[in-house]
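Just so it is clear, the model here is predicted, and its values are computed rather than measured.
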Amino acid sequence: MARRGRTSIVREVKESLQAIDKIGESKRNAKKAGTSGIHSIKQMTNTMSDAQNFVKWCRSEHGVKSICELDERHYVSYLSHLSEKGVSQGHRVNVETSLRLLEKGFKERSKRFLDNLFTSIRFCPERRLEKPLTGSDANNRSYTESEVQLIRENCSEEVTKAVDLMHELGLRVKEAVNVRVEHFIPNDRGTGWCLTISNGSGITKGGRFRQLDVPQHLEKKLEGWIADKSPEEQIVNVSYSTVRDGVNVACKKSGVKQAGRGCHGFRHTYARDRMNQLMTYQQKQMMNRVLENRKMGRAADYGILSKCDKQLYTTAKRAMDQIHSELGHGQNRWALAMRYMGD
């Protein structure tokens, strides 16, 4: 194949990731053959978004016009930018994975276009900058109620709606901007509202079902949001990136230190609020005991032998699973509990 002429850096990203498109192929077999790449539509979508955001930033901030001009300084600078912006460590870990796939794809693209000069390009450091998170190194990322209020006071009207949806219903930022009027229906008691997302495709993570009651103190506000809107309209009329940027600016204006909390911190606040609502003091003490077991690599119920302790364990776990369900997580997710509910 002949060498290609000059193309845009965004186009290079698309061609590079297409060069390692292995969707529909066995990931296990590809690894054995040394030909692994991107094996799912979701991974392709996320990687494409992360990679294009990276090169656009490099083009804007450093004048980079081609992937072949990238080096480790751009990589390090971009990860630092994300951290300062309040992007969570977990998301930064995912971005690093995406950039490594971009580097691999660009090398493969260069082979296909006979650009042998660039087949050895390296802009990703040998070692990752971000350590993958485990439950044992989890930190409390929740906001205090006063911090939430300070952030709200410094956001636009639409961003404040998203903050309320994240804080009061535990929604992810993308879920908050994608949820529609039709997802709020009268609850079974006939005295309030219930968020019900039966088909979460394009809304919830993994398209998962989500259902929870709207807190009473949010009902009037919700009714104002949905008034005069059609069922298919979204509650929030801005993009998720606008919400992220809005929260970041609000934190800076109000003096709230993000410390990697960003928008995800509102979900952590929701989880801890629900713990206080659903668990007694004794159940929370049991929860801490169980999470300590897991941090030490023990079974969750290690040392829980008496009838009273077993009953506390059962009720605490039931409350944990309910909170996880409301957050869009599965059951028995102890590692996530360390993050969302641990001290």
Side-chain angles (χ1 to χ4, degrees), residues 41-42 44-46 48-50 52-53 56 85-88 90-91 94 143 148-149 151-188 191-251 258 261-271 273-274 324-329:
I41 294 174
K42 180 180 178 182
M44 177 62 81
T45 300
N46 292 341
M48 188 73 72
S49 176
D50 291 340
Q52 289 190 344
N53 287 339
K56 287 176 181 178
K85 192 177 176 181
V87 174
S88 70
H91 184 69
N94 293 338
Y143 292 105
V148 173
Q149 187 55 35
I151 292 170
R152 293 181 73 260
E153 290 172 357
N154 286 278
C155 289
S156 67
E157 182 178 353
E158 293 301 316
V159 173
T160 301
K161 288 182 189 178
V163 169
D164 287 341
L165 290 170
M166 292 184 286
H167 174 227
E168 301 288 359
L169 298 177
L171 299 184
R172 298 175 176 87
V173 60
K174 287 188 179 180
E175 295 170 342
V177 300
N178 287 326
V179 71
R180 300 188 294 270
V181 172
E182 63 186 318
H183 295 130
F184 292 93
I185 61 176
N187 62 30
D188 294 339
T191 58
W193 295 89
C194 177
L195 171 66
T196 302
I197 305 176
S198 299
N199 178 9
S201 178
I203 304 169
T204 61
K205 186 174 182 178
R208 298 186 187 102
F209 172 83
R210 186 79 65 83
Q211 186 173 57
L212 66 151
D213 284 336
V214 174
Q216 286 187 340
H217 61 265
L218 189 66
E219 289 176 357
K220 286 187 178 179
K221 193 177 291 185
L222 172 66
E223 290 165 0
W225 293 341
I226 65 178
D228 301 322
K229 283 193 172 185
S230 59
E232 66 276 6
E233 284 189 76
Q234 294 168 323
I235 302 293
V236 178
N237 294 319
V238 293
S239 68
Y240 79 92
S241 59
T242 298
V243 174
R244 286 187 188 278
D245 291 343
V247 169
N248 181 45
V249 170
C251 285
Q258 290 199 57
R261 294 182 288 182
C263 288
H264 223 63
F266 298 115
R267 277 167 58 81
H268 286 255
T269 304
Y270 174 86
D273 287 346
R274 290 295 283 151
H324 277 319
S325 174
E326 293 171 2
L327 289 170
H329 299 154

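- For N237, the side-chain contact (heavy atoms from CB on, under 4.5 Å) partners at least two apart in sequence or on another chain are E158, K229.
- Separating the CZ atom in R172 from the CD1 atom in I203 is a distance of 13.0 Å, to the nearest 0.5 Å.
- Classification of K221 and E168 as a salt-bridged pair fails, no side-chain N sitting under 4.0 Å from a carboxylate O.
- Here the NZ atom belonging to K174 is positioned 11.0 Å from the OG atom belonging to S239, to the nearest 0.5 angstrom.
- Interatomic distance, N178 CG to L171 CG, rounded to the nearest 0.5 Å: 10.5 Å.
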- [ ] Using the side-chain contact (heavy atoms from CB on, under 4.5 Å) rule, take D273 and H167 through it: C-alpha gap first, then chi angles, then the decisive distance, then the call.
- [x] CA-CA 10 Å; D273 287 346; H167 174 227; 3.8 Å; yes

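- One N or O on the side chain of T45 and one on the backbone of I41 form a donor-acceptor pair closer than 3.5 Å.
- V243 has its side chain within reach of V177: a pair of non-hydrogen atoms, C-beta onward, lies under 4.5 Å apart.
- For the residue pair A271 and L327, the shortest heavy atom distance occurs at CB-CD1, 4.0 Å.
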- [ ] Show your reasoning for whether side-chain contact (heavy atoms from CB on, under 4.5 Å) applies to D164 and F266.
- [x] CA-CA 9 Å; D164 287 341; F266 298 115; over 6 Å; no

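- The ring pair (Phe, Tyr, Trp, His ring centres under 6.0 Å) search around H329 returns H324, Y340, not counting sequence neighbours.
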Task: Evaluation steps, side-chain contact (heavy atoms from CB on, under 4.5 Å), between Y143 and V163 - done: CA-CA 12 Å; Y143 292 105; V163 169; over 6 Å; no

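- Side-chain contact check for E153 versus T160: every heavy-atom pair is 4.5 Å or farther apart.
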TODO: Check the pair E326 / L169 against side-chain contact (heavy atoms from CB on, under 4.5 Å), numbers first and verdict last.
DONE: CA-CA 8 Å; E326 293 171 2; L169 298 177; over 6 Å; no

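- Although no hydrogens or angles enter the test, the distance criterion places no donor-acceptor pair under 3.5 Å between the side chain of R180 and the main chain of E233.
- The shortest non-hydrogen separation linking V247 to C263 is CG2-SG, 3.8 Å.
- With a 4.5 Å cut-off on side-chain heavy atoms, M166 and V173 count as touching.
- Between C155 and A250 the shortest heavy-atom distance is SG-CB, 3.7 Å.
- The distance from the NE2 atom of H183 to the CD atom of Q211 is 12.0 Å, given to the nearest 0.5 Å.
- L212 CG to I197 CD1: the interatomic distance, rounded to the nearest 0.5 Å, is 8.5 Å.
- Pairing each heavy atom of G170 with each of R267, the nearest pair is O-NH1, 2.5 Å.
- Of the candidates K205, R210, R208, R210 is the only one forming a salt bridge (charged side-chain N to carboxylate O under 4.0 Å, His left out) with E175.
- Across all non-hydrogen atoms, the minimal contact from E232 to E182 is CA-OE2, 3.9 Å.
- The two residues C251 and I151 make their nearest non-hydrogen contact at SG-CD1, 3.8 Å.
- For the pair W193/E223, a side-chain contact is recorded, criterion being any heavy-atom separation below 4.5 Å from C-beta on.
- Here the side chain of N248 pairs no donor or acceptor atom with the backbone of R244 at under 3.5 angstrom.
- Here the straight-line distance linking atom CG of N187 with atom OG1 of T196 works out to 9.0 Å at 0.5 Å rounding.
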